[in-house]
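In what follows, a single structure is set out as structure tokens and then discussed.
Reminder, nothing fancy here: chain letters follow the sequence lines and each chain counts from 1.
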Amino acid sequence: SQKIEQNSEALNIQEGKTATLTCNYTNYSPAYLQWYRQDPGRGPVFLLLIRENEKEKRKERLKVTFDTTLKQSLFHITASQPADSATYLCALVTGGGNKLTFGTGTQLKVEL
Amino acid sequence: GAGVSQSPSNKVTEKGKDVELRCDPISGHTALYWYRQSLGQGLEFLIYFQGNSAPDKSGLPSDRFSAERTGGSVSTLTIQRTQQEDSAVYLCASSLNPYSYQETQYFGPGTRLLVL
């Protein structure tokens, strides 16, 4: 069956460190992958998109990698801040019209 | 303009009752999606509307669930004879051009449904 897995355990890191979140998928061959941020009580907010032929994408303190051989994407936040604390979701396009299938998300907590 | 809005923000209902959830997408966005997010679960796709095309209903969990989109804008998700397992956050999203792989989805704040 098709599956998208993210670390279900919360990730706690110290301010200033780099946070690395993992997204693994099976039985998909997505053309691209997206990362979203979700704060409590709010809908997800788009962060980054990476195509299958792109190894790496950066936006300010964010970096995403996409390894289609390993079927894995890594999401990095450098110089993390308490304001980065949230749940981060990866999503694959799995159907026409950009229908997205989401992972369960990883909760990140950045501590002072 | 304004983002995606949803109403009500919270809904408590009794098992067996029908509920209607409303979504107002961003003006001009042609595509509209409904998702469901249960506690500890990822977002689950329910239904997708694009322009005047027939909706993609492949994610609806049962025939108690239905959705309409009137005039290519506002959408209503209806759950008939609600069950306790329907309790979840129902999220609506819209996008401008769903045929562009670079297009992102913009989400509303969700409706939190609790079925007692």
Quiz item: Do Phe75(A) and Tyr88(A) have their ring centres less than 6.0 Å from each other?
Solution: yes
Quiz item: With side chains defined as the heavy atoms from C-beta onward, is the minimum distance between Tyr28(A) and Thr101(A) less than 4.5 Å?
Solution: yes
Exercise. Using a strict 4.0 Å threshold on nitrogen-to-oxygen distance, state whether Asp18(B) and Arg64(B) make a salt bridge.
Key: no
Practice problem: Would you please test Arg58(A) and Glu56(A) for salt bridge (Lys or Arg N to Asp or Glu O under 4.0 Å) and show each step? | Solution: CA-CA 7 Å; Arg58(A) 291 175 185 262; Glu56(A) 183 179 296; 2.9 Å; yes
Quiz item: Near Glu85(B) CD, under 6.0 Å, is it more than 12 heavy atoms from other residues, nucleotides or ligands?
Solution: yes
Exercise. Tell me, yes or no, whether the heavy-atom count around Asn53(A) atom CG, taken from other residues, nucleotides or ligands under 6.0 Å, exceeds 12.
Key: yes
Under 4.5 Å from a heavy atom of chain A, the part of [X] involved:
X	value
Gln6(B)	neither
Leu43(B)	both
Ser9(B)	neither

Quiz prompt | Contact listing (chain B partner; residues 102-112 of chain A; heavy atom under 4.5 Å) | solution = Phe102(A), Gly103(A), Thr104(A)
Quiz item: For Asp84(A) and Arg61(A), what are the C-alpha separation, side-chain angles and deciding distance, and is it a salt bridge (Lys or Arg N to Asp or Glu O under 4.0 Å)?
Solution: CA-CA 10 Å; Asp84(A) 295 328; Arg61(A) 295 184 296 110; 2.9 Å; yes
Practice problem: Go through the atoms of Gln6(A) and report whether side chain, backbone, both or neither lie under 4.5 Å from a heavy atom of chain B. | Solution: neither
Quiz item: Between Tyr35(B) and Tyr33(B), how do the two ring planes meet: parallel, tilted or perpendicular, split at 30° and 60°?
Solution: parallel
